[in-house]
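Since the structure comes first, as structure tokens, the remarks are kept for the end.
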Amino acid sequence: MHSRHSDYDFKTIEARWQAYWEEHQTFRATEDIAKPKYWVLDMFPYPSAAGLHVGHIEGYTATDIIGRYKKACGFNVLHPMGWDAFGLPAEQNAIATGVHPSVNTQNNVDAFKKQMQRVGLGIDWSREVNTTDPKFYRWTQWIFLQLFKRGLACVSEQPVWWCSELGTVLANEEVIDGKSERGHFPVERRALRQWVLKITKYADKLLKGLDNLEWPEATKRQQQLWIGRSEGGLVTFKTSANCDLTVFTTRPDTLFGVTFIALAPEHPSVAMLTTEAQLEAVESYKREIASKSDLERTDLAKTKSGVFTGTYAVHPLTGAKIPIWVADYVLMHHGTGAVMGVPAHDARDFEFAQTYDLPVVRVIKGANNEPLPFCNKGTLTASEEFSGLSSDDAAKKILIALTAKGIGKTTVQYKIHDWLFSRQRYWGDPFPIVWVKKADYERLTACKNSPFSEFLPEEPVSYEEKGEIFCAVPLTSKHLPLTLPQVSSYKPGEGATAPLQNADPSWLQVRLNIRTGEIRPNDEGSKSVSNNDDWIEGTRETNTMPQWAGSCWYYLRYLSPNDVEKPVNADALKYWQTPDLYVGGAEHAVLHLLYARFWHLFLHDCGFVSTPEPFPKLFHPGIILGSDGNKMSKSLGNVVNPLDVADEYSADALRLYEMFMGPLEASKPWSTKNIEGVFRFLKKIWRLFVTVEGTLSERIGGERDSAALECLLNETVQKVTEDIENLRFNTAISQLMICLNGFQKGSHLSKTAAKTFLQLLAPFAPHIAEELWERCGEQSSIIDAGWPKADPSKCIRDELKIIIQVNGKLRDEICVSTDASKEDILERAKSAPRAVPFLAKGTIAKEIYVPGKLVNFVVKG
RNA sequence: GCCCGGAUGGCGGAACGGUAGACGCUGAGGACUUAAAAUCCUCUGAUCGUAAGAUCGUGCGGGUUCGAGUCCCGCUCCGGGCACCA
């Protein structure tokens with residue numbers, strides 16, 4: 001690598017100032033209560049083997065600019081960084097190499113850190129956190145136990161997405177189009193015992209909390225849709241079999257239009273409702289559905305299928321006979337798994353009715369004579385005494401009527417499901433749980449003052465296997481962290497067993513002393529010494545938590561990374577509260593950002609944090625694409641490494657370029673050509689200050705600046721400050737360029753003005769700013785010099801340019817003194833040489849004067 | 001299908017309802033140099049014109065307004081999200 005300009009030796013300069021910041025601990029944040037705080041947070045990265053590319057640097061540079069700016073403004077700034085280091089790639093590397101994933105993880109962390117330091121990010125590295133560090137995950141486990149204690153963590157045998165290729169269970173949101181999000185492997189449904197967190201209990205709070213957040217509207221909308229609250233009613237239908245059916249509907253107003261009932265194939269009442277004659281058909285239909293993948297089943301393009309059960313329901317208000325069908329378009333996991341079919345007013349029911357020739361009865365009229373299916377609200381018709389009512393009114397009244405009969409109820413449904421919280425993986429947080437037999441659990445709960453009662457829930461969490469019931473015993477704070485055991489193999493076992501099953505039996509099989517809280521391996525030796533009533537036998541939970549666990553609360557740990565008493569120190573929390581700005585990718589709109597809100601809200605309800613929401617202000621940087629316009633990826637060979645760019649053009653040029661490319665939130669392609677432009681800008685700055693001999697340029701002198709130059713500088717202070725506050729870095733840099741171009745045109749420049757320019761430049765290009773600041777004779781870091789204030793009085797001009805339009809088209813312009821009257825200006829405008837011919841084309845019908853800006857004559861004729 | 005964004009020169013992008021194209025890149029010409037690089041200066045939306053200048057021009061079609069890239073209505077295309085949620 002060669003430097004592009006011999007006298008601007010950026011390599012030496014950048015290394016020097018990075019060493020300076022480290023030595024002087026420039027970015028060390030302390031709880032200095034005398035100063036206002038500013039906490040700027042990045043979404044912490046997963047340290048992958050590929051390292052960072054220039055796209056990742058974008059967000060970090062943005063937060064660094066904000067951090068440096070706020071620090072100059074006098075804030076006590078916290079800009080921390082950490083590693084979301086549990087995860088699948090490290091585990092797969094371990095499977096391939098046999099080397100413990102922590103080794104690989106540490107190497108990647110070192111590489112990431114080196115890259116970040118090379119671009120000069122002002123980060124307080126003393127607060128670095130790593131989710132795989134037992135000192136960290138001890139508290140992830142502790143928070144899990146708090147959830148467990150309050151009944152928000154439990155197990156259930158449920159159909160889950162199993163990916164045999166990855167050897168693990170995936171959450172709904174990790175499955176995209178029937179393939180795993182990572183790796184795009186096929187997935188299938190399997191019933192397995194899993195941990196779930198009851199996020200549904202927080203659905204309403206998570207929905208309402210969105211209102212007060214300063215977040216991108218699209219992200220809020222995505223969370224709203226994900227939570228998917230819908231108000232409606234439950235309606236119970238009597239049937240000709242000895243079994244009632246309850247359906248959920250958001251449109252009780254369409255009740256008189258019901259012509260069939262449809263059940264999900266998995267609905268528990270299907271068997272009871274199937275008549276002898278239909279048994280064969282229903283059974284074979286269910287078999288057919290079960291053999292289909294979810295991808296096939298949810299394919300919207302296919303025609304809806306179903307089969308008649310042979311049984312009829314009774315309409316609750318008309319008493320009409322309504323056939324009950326089984327249909328695969330009905331989902332078991334929403335509502336009650338049964339729907340009332342109203343083909344006239346629901347597109348899906350309509351399609352189904354068409355396929356099986358079921359009657360369609362119109363009960364809602366719109367304003368015009370709309371064709372069926374008509375799915376909007378309207379006026380009721382053919383609905384007995386409810387005819388003539390509006391949909392909203394009728395929905396209420398019908399539900400009231402049903403409620404009076406004891407067969408209806410208003411209710412709220414959510415689309416969001418409980419959060420599947422266990423994975424069959426090695427490289428994750430171990431659950432601090434031991435499974436014991438029910439009888440032993442009862443001995444434990446009967447034991448007064450048992451240490452194990454610390455996190456014991458009111459209702460036991462249990463599961464049944466081969467007729468035996470097992471209950472979950474939570475470890476105590478004293479047992480934390482429960483560290484990951486060594487395993488003989490990182491691979492999952494056959495039949496979806498977790499890799500931790502490969503741990504030593506002395507870890508897996510334990511004995512708990514319910515009186516002392518002691519835990520020992522359950523081997524022959526311990527049996528002989530502990531053969532009394534206080535000991536119970538147990539088996540450790542071998543699933544691990546998903547990667548999301550650590551990212552749900554990592555930001556809090558930055559406040560007191562070494563606290564051994566609590567996940568977060570109360571004093572530190574009181575001072576820093578929540579991040580003032582959170583910057584990270586829009587791809588986390590509903591996963592990380594929803595889960596973290598859930599945990600934070602939970603911690604708030606427990607009294608551990610004082611705010612209900614973790615991230616009051618959020619910003620998503622756009623994606624930086626490769627120069628070919630595609631997403632950067634190894635396979636396309638369009639990845640740009642920040643280290644290469646920093647070596648060739650300087651870290652300052654890299655930072656400036658990324659911010660100059662366009663609006664921060666926009667996706668934009670990388671261009672090696674365009675970086676030349678900002679690099680030229682840096683070289684111009686260098687030459688303005690430094691001679692070829694390396695001395696301070698004679699142009700930087702003490703003489704007064706011209707009024708025009710003072711005006712330009714003050715405009716620049718004003719514009720750059722506003723733009724930084726609004727994260728519009730592209731236009732801030734453009735203004736700095738305009739300012740420099742102005743400087744270059746003048747013969748000299750006062751030192752004060754030159755230094756002000758450097759202060760404005762410093763957040764964007766900190767290395768060159770520090771270097772030139774020092775060469776101007778300053779002793780300490782430029783960041784401690786404060787932030788310049790614009791002086792509006794310097795920007796007042798004595799002449800104004802007035803635009804002259806005729807019929808809205810620009811025709812001429814005139815210069816007037818600032819105190820000129822409207823009459824004077826109009827008079828002069830009328831005689832403006834280039835406007836006159838257009839004015840002469842007719843008569844002036846109207847004169848519009850925008851003070852200080854323009855005149856527009858409306859000419860008719 | 002539904003919900004969000006977006007569309008401006010050769011390119012990345014600027015524009016409180018008020019001079020469209022700031023700033024940068026590219027390209028052309030010039031200066032310096034033995035030469036090149038680097039640097040500096042001029043020009044660079046289209047059409048017509050020697051020029052002054054005129055006309056057109058912000059995805060398409062309408063509208064509101066003295067005036068629309070910007071606001072309203074109806075489309076087209078591109079990007080992202082959700083996707084039988086009853």
Side-chain angles (χ1 to χ4, degrees), chain A residues 4-7 177 216-222 224-226 228-230 232 247-251 254 262 264 297-302 304 327-331 333-342 345-349 351-352 375 413-417 586-587 589-590 620 622-623 625 656-657 660-663 665-678 680-681 683-684 687 728 730-741 744 801-813 834 837 844-850 852-860:
Chain A
R4 292 291 180 105
H5 193 266
S6 52
D7 48 338
D177 293 336
E217 284 306 316
T219 304
K220 287 207 230 182
R221 185 86 195 116
Q222 273 191 64
Q224 280 168 9
L225 293 172
W226 190 265
R229 183 191 152 98
S230 57
V247 301
F248 171 70
T249 178
T250 55
R251 295 291 303 274
T254 63
R297 219 185 121 171
T298 58
D299 183 4
L300 270 169
K302 76 168 178 57
K304 298 192 177 359
D328 70 341
Y329 78 94
V330 182
L331 305 173
H333 60 254
H334 190 264
T336 60
V339 303
M340 55 182 219
V342 186
H345 306 294
D346 182 284
R348 298 153 301 183
D349 296 345
E351 200 191 314
F352 188 76
C375 303
Q413 278 289 327
Y414 296 92
K415 206 164 122 180
I416 191 171
H417 299 155
E587 66 273 23
V590 284
H620 300 308
I623 295 167
L625 307 166
L656 272 172
Y657 174 57
F660 185 63
M661 289 171 88
E665 65 276 16
S667 296
K668 52 235 151 183
W670 183 264
S671 154
T672 315
K673 265 284 172 231
N674 285 345
I675 197 171
E676 298 271 4
V678 291
R680 245 170 251 170
F681 171 61
K683 286 190 287 188
K684 276 193 217 173
R687 280 195 309 274
R728 290 192 302 241
N730 55 331
T731 47
I733 293 166
S734 145
Q735 182 63 38
L736 288 170
M737 288 172 169
I738 292 168
C739 186
L740 181 74
N741 290 345
Q744 278 192 316
K801 192 165 76 175
I802 303 289
I803 298 307
I804 299 164
Q805 295 182 342
V806 179
N807 291 337
K809 284 192 176 156
L810 173 73
R811 293 305 174 188
D812 207 344
E813 58 186 51
R834 283 188 289 152
I844 296 173
K846 200 170 174 184
E847 296 170 347
I848 288 127
Y849 173 61
V850 181
K853 282 257 165 158
L854 63 78
V855 172
N856 186 15
F857 295 110
V858 183
V859 172
K860 284 184 181 157

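Below, chains carry the letters A, B, ... as their sequence lines are ordered, and counting in each starts from 1.
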Sticking with atom P, work out how far B:G9 lies from B:A46, rounded to a whole angstrom.
-> 12 Å
Across all chains, not counting sequence neighbours, the side chain to side chain donor-acceptor pair (under 3.5 Å) partners of A:Asn730 are none
Take atom C1' in B:G49 and the same atom in B:A54, then report the distance between them in whole Å.
-> 9 Å
If we only count heavy atoms from C-beta on, is the A:Val858 to A:Asn807 side-chain gap below 4.5 Å?
-> yes
Is B:G10 in the syn range, within 90° of 0, or in the anti range?
-> anti
Donor/acceptor link under 3.5 angstrom from A:Lys673 side chain onto base of B:C11 | no
How many angstroms lie between NE2 in A:His345 and OG1 in A:Thr254, if you round to the nearest 0.5 Å?
-> 7.0 Å
Taking atom P of B:C82 as reference, at what distance in whole Å does atom CG of A:Leu225 sit?
-> 10 Å
Strictly under 3.5 Å: I want the nitrogen or oxygen pairs between protein and nucleotides 67-72 of chain B, one per line.
none

Who pairs with A:Phe352 by ring pair (Phe, Tyr, Trp, His ring centres under 6.0 Å), at least two apart in sequence or on another chain?
-> A:Phe260, A:Trp325, A:Tyr329, A:Tyr356
Establish, with yes or no, whether the OP1 or OP2 oxygen of B:U26 is under 4.0 angstrom from a side-chain nitrogen or oxygen of A:Arg680.
-> yes
Selected nucleotide, minimal atom distance to A:Ile738 side chain, candidates B:C23, B:C66, B:G12 | B:C23
Does A:Asn741 place a side-chain N or O at less than 4.0 Å from the phosphate oxygens OP1/OP2 of B:G24?
-> yes
Hey, does the side chain of A:Lys846 come within less than 4.0 Å of B:C66's phosphate (OP1/OP2), counting only N and O?
-> yes
For RNA chain B, produce a single dot-bracket line, 5' to 3'. Pairs: Watson-Crick or G-U wobble, both distances under 3.5 Å. Symbols: ( ) within strand, [ ] crossing, | other strand, . unpaired.
-> (((((((..(((.....[....))).(((((.......))))).((((....))))..(((((..]....))))))))))))....
What is the distance, rounded to the nearest whole Å, between atom CG of A:Leu625 and atom C1' of B:G80?
-> 12 Å
Please state whether the base of B:U19 and the side chain of A:Lys801 form at least one donor-acceptor pair under 3.5 Å?
-> yes
Under 4.0 angstrom between A:Thr731 side-chain N/O and B:C23 OP1 or OP2 | no
Considering all heavy atoms, the nearest A:Val330-A:Val339 contact | CG2-CG2, 3.9 Å
Mind checking what makes side chain to side chain contact (heavy atoms under 4.5 Å, CB included) contact with A:His334, not counting sequence neighbours?
-> A:Phe248, A:Gln413
Hey, is the side chain of A:Arg811 poking within less than 4.0 Å of OP1 or OP2 on B:U55, counting only N and O atoms?
-> yes
Ring pair (Phe, Tyr, Trp, His ring centres under 6.0 Å) filter on A:Tyr414, not counting sequence neighbours, yields none
Kindly point out which of B:G18, B:G12, B:A15 is positioned nearest to the side chain of A:Phe660?
-> B:G12
Is the distance from OP1 or OP2 of B:C84 to the nearest side-chain N or O of A:Lys415 less than 4.0 Å?
-> no
Integer-rounded Å distance: B:C2 C1' and A:Arg221 CZ = 10 Å
